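All values reported here derive from a predicted model rather than from experimental measurement.
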Amino acid sequence: MGIREIFLGLAFALIWSSAFTSAKIAMNDAPPFLFLSVRFLISGIIALLIARLFFEKQLLKRSDWAIIIVFGICQNTIYLGLNFVAMKWIEASHAAIIASFLPLIVATLSWVFLNERINLLGCLGLILGLFGILLVMSNKLTSNFDVIGTWFCIFGVIALAIATIVVRNSAKENTLSIIGFQMLIGSFTLFPISLFFETWEINLTYSLFWAFTYTTLFPGLFATMIWFKLLHLVGPIKAASFHFLNPFFGVLIAYWLLNEGLSLKQVIGVITVMIAIIILQKSRVAVRQNSNNQDWKH
């Protein structure tokens, strides 16, 4: 993995992790499904306008539309929908920590359904990453722990793992169009849910304005663009390993902006996670075809 890929992965992890804190801030003043539906609508329109500006005129194939629908529902409707609802009960750092289980889930689903496997070094990285996450999460299991919010985040990250695996087969030349349309899928599916199940009580505060603007442009649009690029460059397992950094950036940002707790055990866990990422990035991913193993070297 080159410097460009590492830089993209770090940038993605930082922006993505900040979304948990901005979501926590926004949920004090707006219902989650309505907030996300409007956010996705604006992000989707911006992405499609940019795609038009860059002359993305190729017609999307049927397979592209299948990816758009699956990705839009899994990441936007389920993953982000459940995470934003969970912010009503759990801390932003707690949600960021659960999201960092993504590499483990992606590796497991890839092994079970796609016959992909990683070598011993990669397995060591995954195990070490899990250990680091548990260290970071240990305090959260004993304080401010909410079962419903936690399970919402767990179901959400499983949906995100499915989206991560599916999107790697998307067309590289229509990335902005695919991003824009999958955002609109999220908006159109969440709006009726909000209409029937939420009370539209909105406090028009400065914090809501800035949280909405930041979440729409950075985690919503820029981070998704980086994520697609990263998936095309290194594949889903290695790209997902950058989610191991969610505890580090997520806990740090929540500590800085929301005054959420930070302990020495969490710091040690973060260092462990970072070592796990380095190990996993040096590993190789292989796919089994007709009983023969062929390595994919990224």
Side-chain angles (χ1 to χ4, degrees), residues 16-40 72-106 108-109 130 133-164 186-187 189-203 207-208 211-212 215 219-220 240 243-244 246-247 249-251 253-255 257-263 265-266 269:
W16 195 257
S17 298
S18 68
F20 298 101
T21 295
S22 62
K24 184 70 174 180
I25 294 173
M27 290 306 94
N28 292 325
D29 297 306
F33 294 137
L34 178 63
F35 178 93
L36 283 172
S37 180
V38 177
R39 168 198 149 177
F40 290 142
I73 292 176
C74 286
Q75 173 172 291
N76 299 331
T77 309
I78 301 177
Y79 170 69
L80 289 174
L82 290 178
N83 268 266
F84 270 62
V85 172
M87 291 299 171
K88 294 287 187 180
W89 301 298
I90 66 176
E91 294 180 342
S93 56
H94 190 162
I97 290 166
I98 296 174
S100 62
F101 280 89
L102 181 70
L104 303 172
I105 300 173
V106 168
T108 301
L109 293 180
L130 175 61
I133 291 170
L134 293 177
L135 275 179
V136 177
M137 196 173 179
S138 59
N139 286 358
K140 304 296 179 182
L141 294 175
T142 57
S143 63
N144 299 323
F145 179 76
D146 183 272
V147 175
I148 296 178
T150 298
W151 275 110
F152 275 11
C153 289
I154 291 174
F155 287 134
V157 78
I158 293 174
L160 180 59
I162 296 172
T164 299
S187 176
T189 52
L190 285 171
F191 183 78
I193 297 176
S194 174
L195 185 63
F196 287 104
F197 295 102
E198 288 184 328
T199 301
W200 289 4
E201 295 181 357
I202 304 172
N203 299 318
S207 60
L208 176 62
F212 179 83
T215 306
H243 278 266
F244 275 145
N246 279 333
F249 290 132
V251 171
I253 294 171
Y255 171 76
L257 294 178
L258 302 177
N259 295 319
E260 294 185 3
L262 181 65
S263 67
K265 185 184 295 185
Q266 288 175 314

* Structure fact -> Contacts of Thr164 meeting side-chain hydrogen bond (donor to acceptor under 3.5 Å, both in side chains) (sequence neighbours excluded), chain-then-number -> none

* Structure fact -> On a heavy-atom basis, the closest approach of Leu208 and Ala26 is CD1-O, 3.9 Å

* To do: Apply ring-ring contact (aromatic ring centres under 6.0 Å, His included) to Tyr79 and list each qualifying residue two or more places apart in sequence or on a separate chain.
  => none

* Write down the atom of Leu82, the atom of Gly156, and the distance for their closest heavy-atom approach. => CD1-N, 3.9 Å

* Structure fact -> Residues Lys24 and Met87: closest non-hydrogen pair is NZ-O, 2.8 Å

* Please report the closest heavy-atom contact between Lys88 and Pro32, naming both atoms and the distance. => CE-CD, 4.0 Å

* Apply side-chain contact (heavy atoms from CB on, under 4.5 Å) to Ser22 and list each qualifying residue two or more places apart in sequence or on a separate chain. => Ala19, Tyr214, Thr215

* Structure fact -> With sequence neighbours left out, the residues meeting side-chain contact (heavy atoms from CB on, under 4.5 Å) with Val38 are Leu34, Ile42, Phe212

* Taking atom CG of Asn83 and atom CD1 of Ile154, what is their separation to the nearest 0.5 Å? -> 11.0 Å

* Asked: Rounded to the nearest 0.5 Å, how far does CD1 of Ile98 lie from OG1 of Thr150?
  -> 4.5 Å

* Asked: Phe35 versus Phe84: any side-chain heavy-atom pair under 4.5 Å?
  -> yes

* **Closest non-hydrogen atom pair, Gly220 against Arg39** => CA-NH2, 3.1 Å

* Structure fact -> Smallest heavy-atom separation, Ser187 atom then Ser37 atom, equals OG-O, 2.8 Å

* With sequence neighbours left out, what residues match Ile148 under side-chain contact (heavy atoms from CB on, under 4.5 Å)? -> Trp89, Asp146, Phe152

* Structure fact -> The side-chain hydrogen bond (donor to acceptor under 3.5 Å, both in side chains) partners of Thr77 (sequence neighbours excluded) come to Thr189

* Structure fact -> Rounded to the nearest 0.5 angstrom, the CD1-CG distance for Ile158 and Leu102 is 10.5 Å

* side-chain hydrogen bond (donor to acceptor under 3.5 Å, both in side chains) partners of Ser207, counting only residues at least two apart -> Asp29, Thr205

* Asked: Who passes ring-ring contact (aromatic ring centres under 6.0 Å, His included) against Phe40, sequence neighbours left out?
  -> none

